[in-house]
Structure formats: C-alpha cells, structure tokens
Amino acid sequence: MTDKQFVLTTMRDTGLARAQTLQAQAPDMTGTELYASEDYIPSFTAACEAMNMLERKAGFVCRSTAGRVVKLIQPYDSETYTQEPEDLPAQWGFVWSTDPAKALPFIAVSTSPYMTGDCCTYEGHIWRSGQDNNVWEPGSVGVKWENLGEVSNG
C-alpha cells in the first residue's frame, strides 16, 4: 500500500466512523447540531441506493436533494415510493436550525413545524420563528416571525 492509499483509506474509515457515530447520536441531537454535522449525513439518494428504507430504523437521518436534514419517522418501501422526503411527510420528519447561516427555504409541513428560534428563508430574507409549532409563512398576520435581513449571496 502506498502512502497515498494509506491516507485515503484512513480518511475514508474515519469519515465512515464519524457518520456511524452521528447516526447513533442523531435521536438526541437538535436540528442545529445535525446541520452543523451535515457533512457526515448521507444524501437521501445515496441512502436509498445503499438500503431500502424498509430496512432502516426510525430515526435514521439523511439529507433531501433540497439539502434539508430529515429523520425517518416510519420505515417504508423506498423502491415503491421513490419520492423525495418533501413529498412523503408521513415518513419523514424535518429538522430546522437556529443558525441563520443554515437557513433553508420555508416549507409548511404540519408534522414538522418550526419551533421558537428556528430559521428559514422566504422571499429573499432570513426569518426566525418567534413561536413554537409555527407552520405559517413568514409575514403572516398574527404569526411571530423576526426578519433577520436579506439573504446574502456570498
């Protein structure tokens, strides 16, 4: 084995170990903690290619194609139901980050509401939820959202 092969193998093994540790810890992690570790969270597509979601345990974490971190609520046949997690809200729970730098476009999912402090983007601005169980778009009358300013393109 060459030095380069050794280094690459060691890096791959270290990354795999970190990903496995993250999966074990994911049930107790906040959305903010998960987004901070997203480099060790597999993509939804890769996860489905590796194993049918019927064979995974509830709580398994991956990232949708849109970049959202999702937790498996209930195993299902991902060969039959091939849609993205955004289209399967009964199977997937979405987690949100309180870090404005990790804010993603707002989606209304009644099974995964935004809690106080969670951030999203909407109409070119970053918003922070000012209330728990928030499924209403930022700017809605009577709903607490704090406008944190325009989304940076840098």
Checklist entry - Going hydrophobic residue to hydrophobic residue with side-chain gaps under 4.5 angstrom, can you get from V70 over to L88? => result yes
Checklist entry - Is the side chain of T32 donor-acceptor paired with the backbone N or O of T98 at a distance under 3.5 Å, no angle test? => result yes
Checklist entry - Among all residues two or more places apart in sequence or in another chain, which pass the side-chain contact (heavy atoms from CB on, under 4.5 Å) test with I107? => result R68, E86, F94, W96, V109, Y114
Checklist entry - So how far is it from Q23 CD to Q20 CD, rounded to the nearest 0.5 Å? => result 9.0 Å
Checklist entry - Hey, what do you get for CG (L34) to CE (M29), rounding to the nearest 0.5 Å? => result 4.5 Å
Next on the checklist: Assess, by modelled atom type and distance only, whether the side chains of T116 and S129 contain a donor and an acceptor separated by less than 3.5 Å.
Outcome noted: no
Checklist outcome for this item: Tightest non-hydrogen contact, residues A50 and R56, listed as CB-NH2, 4.0 Å
Item to check | Set of ring pair (Phe, Tyr, Trp, His ring centres under 6.0 Å) partners for F44, sequence neighbours left out | outcome: W92
Next on the checklist: Measuring from atom CZ of R63 to atom CG of L104, what distance do you get when rounded to the nearest 0.5 angstrom?
Outcome noted: 11.0 Å
Item to check | Approximate separation, where rounding is to 0.5 Å, of W145 CH2 and C120 SG | outcome: 3.5 Å
Checklist entry - Heavy-atom distance under 4.5 Å between the side chains of Y81 and Q83, does that happen here? => result yes
Item to check | Any H125 side-chain heavy atom under 4.5 Å of N147 side chain | outcome: yes
Checklist entry - Can you tell me how far CH2 of W127 sits from CG of L148, rounded to the nearest 0.5 angstrom? => result 9.0 Å
Checklist entry - Below 4.5 Å, heavy atoms only, C-beta onward: do S64 and E84 meet side chain to side chain? => result yes
Next on the checklist: Running the 4.5 Å side-chain criterion over Ile, Leu, Val, Met, Phe, Trp and Tyr, what cluster does M51 land in, apart from itself?
Outcome noted: none
Item to check | Minimum heavy-atom distance Q74-L72, with the two atoms named | outcome: O-CD1, 3.4 Å
Checklist entry - Can you find a heavy atom in the side chain of F60 that is under 4.5 Å from one in the side chain of P42? => result yes
Checklist entry - Is there side-chain contact between N134 and P113, with heavy atoms separated by less than 4.5 Å? => result no
Next on the checklist: Could you measure the distance from the CE atom of M53 to the CD atom of E79? Nearest 0.5 Å is fine.
Outcome noted: 11.0 Å
Next on the checklist: Is any side-chain heavy atom of V69 closer than 4.5 Å to one of I41?
Outcome noted: yes
